[in-house]
Enquirer: 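Before we start, here is the structure in question, set down as structure tokens.
Numbered from 1 within each chain, the chains take letters A, B, ... in sequence-line order.
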Amino acid sequence: MKVLYFAWLRERVGVAEEQVEPPVEVRTVADLAGWLRARGGGHAHAFENPAVVRAALDRRHVKPDALLHGAREIAFFPPMTGG
Amino acid sequence: MKVLYFAWLRERVGVAEEQVEPPVEVRTVADLAGWLRARGGGHAHAFENPAVVRAALDRRHVKPDALLHGAREIAFFPPMTGG
Amino acid sequence: MPAPSVSTLDAADLPLDAFQVRVQAEVFDASTETTGLVAGRTDVGAVVTFTGLCRADDQNGTPLAALTLEHYPGMAEEEMDRLLQEARTRWPLSGARLVHRYGRMVPGDPIVLVVTASAHRGAAFAAAEFLMDWLKTNAPFWKKEERPGTAADGTWVEAKGTDDAAADRWQKG
Amino acid sequence: MPAPSVSTLDAADLPLDAFQVRVQAEVFDASTETTGLVAGRTDVGAVVTFTGLCRADDQNGTPLAALTLEHYPGMAEEEMDRLLQEARTRWPLSGARLVHRYGRMVPGDPIVLVVTASAHRGAAFAAAEFLMDWLKTNAPFWKKEERPGTAADGTWVEAKGTDDAAADRWQKG
């Protein structure tokens, strides 16, 4: 699936998007965040405090316990500060 | 003192303004409204229901019990419907 | 058509024309009024503009051909000034405009304009709504409605209880 | 500069472009957007326009040289559409516009525009305030601030608890 990063998550990971193939036991948004963090380096830095990371699945806001199944695109970002 | 009328009070009285010389016992806004009503004709029609008549003394909203003393101008009108 | 009467409330640290009320027969341009409030300033984070327009039906859904607004010259401006000063005691405003028209209007015509500017959106929204609510119940203007196809010269609009209720919610204490 | 992406929500009895959201780099003109909403219509009694601007100081009073707004293309428009549809289920709106810019802004520049039109002022005010509150917490935009005289490329703005509180007051049940 495609993973997008925005704002300081993008800066810490070092790329705006990447293609990932997580193992089947990665079922939820929180699972994926943990799996990405375990890669170390920029990913570990980006996900060091999962409580401040928000996610969208196929362009809709979701909670950490949302299931990934069938999603084509997931985005991770900090709380929004537009307006 | 000068008396101004607006909206349907103006139409019922028949003039937009007039100069009046009420006797000394006419002390409040309500007294003046009653004194004007007692003139009969258009004035009686305009003041037939004092509860729906509002007043301003020297261009400030006042209650019926406000004292007239020293005022140069009084206006009578229905509840406002601008905006 | 008489020139619009202008009244200005100054504060030492604000542009000379930051606060202004006007009563006029002419159409106003919301964009000009708003631009005048924020041009060259960098302390304004939020601008709220309210425009009230004449509709083709009245509050009960009855068709309307035109409205004529009568006002109390002199007191209208003074009362609008007082409302604006009251708003300034309640919210930190960078500027504001109140413009109210009088005369005959047809559906689609703008009647009243309120513009508020502040560093923060909450203050700008609250002050604009407060000013509109109080304008409706306190500014000396009266509307007369003309019905389509009637020869009579119109019917005075009755004040709405909902307007009093809207104004009352701002009462302190 | 890419062309602004446009999304339209129609209703059978409303002009085709009565409801519109846009995400764009270019400056918007509040007056053009508002005029487009009411031109030729006689069912609109109230128009509320909110403009959010870049200020020369941040929420803590620290001087600001510029802001850069990053956004999530595609989702930004879709989320703004969803907010607008939610507003339409809550208030009887005749039309609305949501325009949000991205890119670099300096103090005085307009960032976001919300316009709501309704027969009645209460609905127009409430919907505009609801849309702004929810835009702040739900639309995928992020601000980075540049300080005057610093070489670093800026600091990401932290979300404010007061914005969450402002959005939460619209939660149903």
Enquirer: As an exercise, state the distance from CZ of B:Phe6 to CZ of C:Phe141, rounded to the nearest 0.5 Å.
Expert: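 Answer for the CZ-CZ pair, B:Phe6 versus C:Phe141, is 10.5 Å.
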Enquirer: Run B:Arg59 and C:Glu79 through side-chain contact (heavy atoms from CB on, under 4.5 Å) and show every step you take.
Expert: CA-CA 8 Å; B:Arg59 301 180 172 179; C:Glu79 188 65 20; over 6 Å; no
Enquirer: For C:Ala159 versus B:Met80, what's the shortest heavy-atom pair and its separation?
Expert: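 For C:Ala159 and B:Met80, the tightest heavy-atom pair comes out as CB-O, 4.0 Å.
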Enquirer: Taking the side chain as every heavy atom from C-beta outward, state whether C:Glu78 and B:Arg60 have any atom pair closer than 4.5 Å.
Expert: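 The answer is no, as the side chains (C-beta and beyond) never meet within the 4.5 Å cut-off.
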Enquirer: Hey, is CD on C:Glu158 packed in by over 12 heavy atoms from elsewhere, all under 6.0 Å?
Expert: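 No, because the 6.0 Å sphere around CD of C:Glu158 holds 12 heavy atoms or fewer from other groups.
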Enquirer: Working to the nearest 0.5 Å, report the span between CH2 of C:Trp142 and CZ of B:Arg10.
Expert: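 Interatomic distance, C:Trp142 CH2 to B:Arg10 CZ, rounded to 0.5 Å: 10.0 Å.
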Enquirer: Got more than 12 heavy atoms from elsewhere within 6.0 Å of CZ, B:Arg27?
Expert: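 No, the 6.0 Å shell around CZ holds no more than 12 heavy atoms from other groups.
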Enquirer: Does CZ belonging to B:Arg72 count more than 12 external heavy atoms closer than 6.0 Å?
Expert: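 Result for CZ/B:Arg72: open.
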Enquirer: For residues C:Lys144 and B:Glu11, determine if any side-chain heavy atom of one lies less than 4.5 Å from a side-chain heavy atom of the other.
Expert: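 Side-chain contact under 4.5 Å: yes.
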Enquirer: Taking atom OG1 of C:Thr137 and atom CZ of B:Arg54, what is their separation to the nearest 0.5 Å?
Expert: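 Output value for this atom pair is 8.5 Å.
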Enquirer: Atom CH2 of C:Trp156 and atom CH2 of B:Trp8: how far apart are they, to the nearest 0.5 Å?
Expert: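 One gets 11.0 Å once the value is rounded to the nearest 0.5 Å.
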Enquirer: Count the heavy-atom pairs under 4.5 Å between each of C:Val112, C:Asn138, C:Asp163, C:Leu135 and chain B, then report the option with the highest count.
Expert: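 The answer is C:Asn138.
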Enquirer: So which heavy atom on B:Thr81 is nearest to which on C:Val157, and how close?
Expert: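 It is CG2-O, 3.4 Å.
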